[in-house]
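In what follows, a structure is listed as structure tokens, so that the remarks can point back to it.
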Amino acid sequence: MTDDRPSDLAPSTDALEDDPLTKERLRKYRAVVEDGGFPYAYDRTDTASELHARHGNLEPGSETGETVTVAGRLMNTREMGKLAFGVLQDVTGRIQLFVDRRTIGDDGFDEFLELDAGDWVGAEGEVITSKRGELSVRIHTFSLLQKSLRPLPDKWHGLKDVEARSRHRYVDLIANEESRTTALARSRIISELRRQFDQRGYIEVETPVLLGEATGALARPFETHHNALGEDMYLRIATELFLKRLVVGGLEKVYEIGRIFRNEGIDAKHNPEFTMLESYEAFADFDDIMTLVEEVVAACAEKITGGTAITYQGRDLELSGPYPRATMLDLVRKAVGVDIDYDSSLDDLADLARHHGIEPDDHWGSGRFVEALFDELVEDTIWQPTFVTEHPIEISPLSRAHRSKPHVTERFELFIGGAEYANGFSELNDPFDQRERFEAQAAAKSAGDQDAHPIDDDYLLALEYGLPPTGGLGVGVDRLVMLLTDKHHIREVILFPTMRPE
RNA sequence: GGGCCUGUAGCUCCAAUGGCAGAGCAGCGGACUUUUAAUCCGAAGUGUGUGGGUUCGAAUCCCACCAGGCCCA
């Protein structure tokens, strides 16, 4: 890298010494160290939100007589001569410190005035309200738990720069309430997902990330190398084939919430590493799984927003099921205004595709044409939750053929707000059919199709032992979090999104 | 990969046509016994992403590079 500007946040004693903004903080830090150092722990009795919950309705000027300890980051101080106010922020919220020279004593008061915004502070005192009614702790003593050597971002505008917020997420979390709320919402959504599957009798499992071959989806993998084995290896691009092996093994209902890696571009909806939930349930079909999806999505929405009617990017959405269902072919027919089907001639389909600005590949069958037309004409137009069903066999190499219709599978994708949120199907469990599908994929690949699945021989062996009828599901967890937190960009729901190294 | 755009103080932002680089917050000193982005007074300070080029003179124009954003593929 030729750009060798000194990093503004790189740790350097010299830099801290030279910068007038940090020099005083460093002096105070060293004074504490020389005086015995910072505490190793602090005994907190209450969080900010616990105090607000317990004393939310006090009259202005109340004194509870209740002594508590609180701890958090000091965000701001307001000095008033013989009084001072501090704002302490912990993970649950904020609580005001009320500092009265008569209560804390002259020494304590002067020490409090030495604190800087950003310092970690523990304080003990009485729960009161100020004359304006602000719930406060009128402190008797306090302890500087750790000095902050760096100034905080603007206390009103926070930290706005997208790059700085992503690279230095800790600063973003300190300064921006919204970022904290989103991080907590993500945690709650993942907890709720676990709860939903656990209570349905699913077993949470972990399957390998590091593989000899990346199978189960269409995506470029990250490559790595195992030194002791002397083998090139790949990071997983899906968990699908391993989870179905477990159903073969008799675990019957399994799910995994795991990190998936795809060596592809970064944009508003894609991060190279992202979180996917996959589940497989023996004796269920795609219809059962659609119902499951409706219930799980609605449950997560209620957990986060308190209801199923949400606003996403300024538009209303209703997430309670059942969601309307429409076949991919019917949606495409409606969009193009031509009564095509999977037996239509490839020449006619190619003309139709070109008419809509799609340049077909030579190896496309009717299924690929329908998919391309769907992507081009329909996908963006779906706003309310909708199950798109019956994807063509050609583009669904792991889905079971439809029980009564030719050319298509028992598959669905859930679209909301123009984006895909879930994908599921009745799982293909016929080992012969699966082998043919894999071989068709291999043929397509050697014919120049980049988007073709690799063959997984051990998976075929597993199918020969017998996969019961099974319904499977994949859900993009990051996107679900985006939906429920009204975020446009995936980096807003991933604490440390992938970035070019600085 | 293509197009457009951005990068100025710790943070948020100004700086017509090229002409002494500014403010608010933060920080520093002071006043203030109920503040809520406290307020008031005072002093000071620091910066044009990196490297070149054009020019008497560049934050501004040109080139390359670095990082990022938006849109498209």
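Lettering follows sequence order; numbering is per chain, from 1.
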Applying salt bridge (charged side-chain N to carboxylate O under 4.0 Å, His left out), can you list everything that pairs with A:Asp110, at least two apart in sequence or on another chain? A:Arg101
Please list, chain by chain and in numerical order, all residues satisfying salt bridge (charged side-chain N to carboxylate O under 4.0 Å, His left out) with A:Glu264, sequence neighbours excluded. none
Between the protein and nucleotides 1-4 of chain B, list every N/O to N/O distance that falls short of 3.5 Å.
none

Any residue of residues 124-140 of chain A with a heavy atom less than 4.0 Å from an atom of RNA chain B: A:Ser130, A:Lys131, A:Arg132, A:Glu134
Residue-phosphate contact under 4.0 Å: A:Arg167 side-chain N/O, B:rA67 OP1/OP2: no
Stem ranges for RNA chain B, with three or more consecutive Watson-Crick or G-U pairs under 3.5 Å? B:1-7 with B:66-72, B:10-13 with B:22-25, B:28-31 with B:39-42, B:49-53 with B:61-65
According to ring pair (Phe, Tyr, Trp, His ring centres under 6.0 Å), does anything in residues 45-67 of chain A pair up with another residue at least two apart or in another chain? List the pairs. none
Using the ring pair (Phe, Tyr, Trp, His ring centres under 6.0 Å) criterion, which residues pair with A:Tyr29? Sequence neighbours excluded. A:Phe38
Looking at residues at least two apart in the chain, or sitting in another chain, which of them share a ring pair (Phe, Tyr, Trp, His ring centres under 6.0 Å) with A:Phe387? A:Tyr323, A:Phe412
Within residues 103-111 of chain A, the residues having a heavy atom closer than 4.0 Å to RNA chain B are none
What's touching nucleotides 46-48 of chain B from the protein side, N or O pairs under 3.5 Å?
none

Any protein N or O atoms within reach of nucleotides 70-73 of chain B? Criterion: under 3.5 Å, listing atom names and distances.
from	atom 1	to	atom 2	distance (Å)
B:rC70	OP1	A:Arg491	NH2	3.3

Pairs involving residues 100-126 of chain A, ordered by first then second residue, that meet ring pair (Phe, Tyr, Trp, His ring centres under 6.0 Å) (sequence neighbours left out): A:Phe112-A:Phe142
